[in-house]
Participant: 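Sharing a structure here in structure tokens format.
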Amino acid sequence: MDKIDLYEVYRLLFKKFGSQGWWPTTAPGEAKPKHRGKRPDTEKEKLEIVIGAILTQNTSWKNVERAIENLNRNKLMDIDALNLVDIKHLAQVIKPAGYYNQKAERIKNFIRFLLEEFDGSFSKLFSMNLTDLRNKLLSLKGIGKETADSIILYAALKPIFVVDAYTKRIAERIGLGKKDYDELQKIFMESLPEDQKLFAEYHALLVRLGKEYCKKNNPRCEDCPLKNLCSYAKANLS
DNA sequence: TACCAGGTCCTCG
DNA sequence: CGAGGACATGGT
């Protein structure tokens with residue numbers, strides 16, 4: 001069994017798809033988030049990434065977009081507004097994202113935490129070192145590993161590799177075997193230089209591949225950019 | 001019609 | 001620990 005070169009995987013994906021511009025955020029004056037390829041400078045952009053990371057838990061980004069659009073139009077993409085809004089109303093606004101009661105609770109939890117412990121400031125929260133920040137986020141109800149790591153990578157801009165359902169499926173198919181979150185994260189991070197931009201692009205590319213080629217059902221192995229090194233594609237195409 | 005989508009928490013053995 | 005269920009909308 002030949003070993004998979006995860007840097008080579010990255011090169012193939014980037015050659016095929018190019019830069020993905022993650023994480024999508026809403027431009028000033030607009031309501032709909034877009035992949036803009038822009039670092040989140042403002043508190044509002046960082047907030048939007050956190051909210052998006054919670055909303056997208058086991059949910060398609062399309063539905064999350066609608067929920068974010070609703071939040072923007074209702075002027076709720078704001079720390080103080082979210083702190084004050086009635087949780088039932090918040091739940092209705094984010095309804096398209098599904099699990100809206102749980103997610104409203106999780107958003108409220110996070111906002112309360114940020115206000116009480118960090119004066120509502122992402123700059124203060126993100127000034128923690130990566131390990132402490134991660135443990136802090138993981139201690140919050142509704143923030144698990146993937147959500148925490150997405151926040152750290154895409155909002156705090158610190159180098160950690162995000163593992164999601166696509167990552168797990170793609171990793172298993174190309175021949176890394178069935179691995180859990182921590183194992184996969186370790187494998188990716190030990191195979192790559194510690195680089196926030198690289199990790200950010202890589203994860204985005206895996207999502208792109210998972211959506212368009214390495215789908216759960218009917219994967220398109222024929223023209224997959226990884227077909228030459230993927231054990232699943234080799235078996236599937238033989 | 002089922003199944004899927006950028007998970008997490010809780011409970012039970 | 002690890003499996004299994006709950007949470008819910010919108011697309012195919």
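Sequence lines set the chain letters: A, B, ... in the order given, protein chains first and strands last, and positions in each chain run from 1.
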Participant: Toward the 5' end of DNA chain B, which comes first, A/Gln57 or A/Gly210, by nearest nucleotide?
Facilitator: A/Gly210

Participant: Taking only side-chain nitrogens and oxygens of A/Arg66, does any of them come within less than 4.0 Å of OP1 or OP2 of C/dA8?
Facilitator: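 No, outside the criterion.
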
Participant: More 5' along DNA chain B: A/Tyr154 or A/Leu138, using each one's nearest nucleotide?
Facilitator: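 The residue whose closest nucleotide sits nearer the 5' end is A/Tyr154.
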
Participant: Identify which nucleotide among B/dA5, B/dT8, C/dG10 has an atom closest to any side-chain atom of A/Lys216, counting heavy atoms from C-beta outward.
Facilitator: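 Out of B/dA5, B/dT8, C/dG10, the nucleotide with an atom closest to A/Lys216's side chain is B/dA5.
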
Participant: Report yes if a side-chain nitrogen or oxygen of A/Lys141 is closer than 4.0 Å to either non-bridging phosphate oxygen (OP1 or OP2) of B/dC10; otherwise report no.
Facilitator: yes

Participant: Rounded to whole Å, please give me the gap between CG in A/Asp164 and P in B/dG7.
Facilitator: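 It is 6 Å, rounded to the nearest whole Å.
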
Participant: Check the orientation of A/His35 and A/Trp22. Use parallel for under 30°, tilted for 30 to 60°, and perpendicular for over 60°.
Facilitator: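 Aromatic pair A/His35/A/Trp22 classed tilted.
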
Participant: Taking atom C1' of C/dA3 as reference, at what distance in whole Å does atom CG of A/Asp180 sit?
Facilitator: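 Roughly 14 Å, once rounded to whole Å.
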
Participant: Nearest to the side chain of A/Thr147 - C/dT9, B/dC9, B/dG7?
Facilitator: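 Selected nucleotide (nearest to the side chain): B/dG7.
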
Participant: With no hydrogens and no angle check, do the side chains of A/Ser231 and A/Arg173 hold a donor and an acceptor under 3.5 Å apart?
Facilitator: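 Per modelled atom types, A/Ser231 and A/Arg173 side chains form no pair under 3.5 Å.
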
Participant: Can a side chain N or O of A/Tyr99 be found less than 4.0 Å away from OP1 or OP2 on C/dT9?
Facilitator: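 Looking at the OP1 and OP2 atoms of C/dT9, neither is under 4.0 Å from any side-chain N or O of A/Tyr99.
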
Participant: Could you tell me whether A/Ala97 contacts a base, only the sugar-phosphate backbone, or nothing, with contacts defined as non-hydrogen atoms closer than 4.0 Å?
Facilitator: nothing

Participant: Using a heavy-atom cut-off of under 4.0 Å over every strand shown, decide if A/Arg169 touches base, sugar-phosphate, or nothing.
Facilitator: sugar-phosphate

Participant: Just to be sure I understand the rule, does A/Ile143 reach a base, reach only the sugar-phosphate, or reach nothing, if contact means heavy atoms closer than 4.0 Å?
Facilitator: sugar-phosphate

Participant: How are the rings of A/Phe122 and A/Phe110 set to each other: parallel, tilted or perpendicular (split at 30° and 60°)?
Facilitator: parallel

Participant: Tell me yes or no: between the side chains of A/Asp149 and A/Tyr181, is some donor less than 3.5 Å from an acceptor?
Facilitator: yes

Participant: Base, sugar-phosphate alone, or nothing: which one does A/Leu140 contact when heavy atoms must sit under 4.0 Å apart?
Facilitator: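 Sugar-phosphate contact only.
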
Participant: Nearest-Å distance, NZ (A/Lys103) to P (B/dC9)?
Facilitator: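 For the pair A/Lys103 NZ and B/dC9 P, the rounded distance is 13 Å.
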
Participant: Between A/Asn109 and A/Arg112, do the side chains contain an N or O donor and an N or O acceptor separated by less than 3.5 Å?
Facilitator: yes

Participant: Distance check needed: B/dA5 P versus A/Ile54 CD1, whole Å only.
Facilitator: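 Going from A/Ile54 (CD1) to B/dA5 (P), I get 21 Å.
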
Participant: If the cut-off is 4.0 Å, is A/Asn63 near the phosphate of C/dG11, judged by side-chain N/O to OP1 or OP2?
Facilitator: no

Participant: Whole-Å distance between C/dA6 P and A/Tyr100 OH?
Facilitator: 17 Å

Participant: Whole angstroms only, please: what is the NZ-P distance between A/Lys215 and B/dA5?
Facilitator: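 About 11 Å, once rounded to whole Å.
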
Participant: May I ask you to say what A/Gly144 touches in the nucleic acid, namely base, sugar-phosphate or nothing, with a heavy-atom cut-off under 4.0 Å?
Facilitator: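 Answer is sugar-phosphate: A/Gly144 comes under 4.0 Å of backbone atoms only.
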
Participant: Report the nucleotide, chosen from C/dT9, B/dG7, B/dC3, that has the shortest atom-to-atom distance to any side-chain atom of A/Asn217.
Facilitator: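 The closest nucleotide is B/dC3.
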
Participant: Quick one: sort the A/Trp61 and A/Trp23 rings into parallel, tilted or perpendicular, breaks at 30° and 60°.
Facilitator: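 If you compare the ring of A/Trp61 with that of A/Trp23, the planes turn out perpendicular.
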
Participant: Between C/dG4 and B/dC3, how far apart are the two P atoms, rounded to whole Å?
Facilitator: 16 Å

Participant: Counting heavy atoms from C-beta on, name the nucleotide in B/dG7, C/dT9, B/dC4 closest to the side chain of A/Glu146.
Facilitator: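 It is B/dG7.
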
Participant: With heavy atoms under 4.0 Å as the rule, sort A/Lys211 into base, sugar-phosphate or nothing.
Facilitator: base

Participant: Quickly work out the A/Lys62 NZ to C/dT12 P distance and round it to whole Å.
Facilitator: 10 Å

Participant: Can you tell me the distance, in whole Å, between the CD atom of A/Glu69 and the C1' atom of C/dT9?
Facilitator: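 One finds 16 Å between C1' of C/dT9 and CD of A/Glu69, rounded.
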
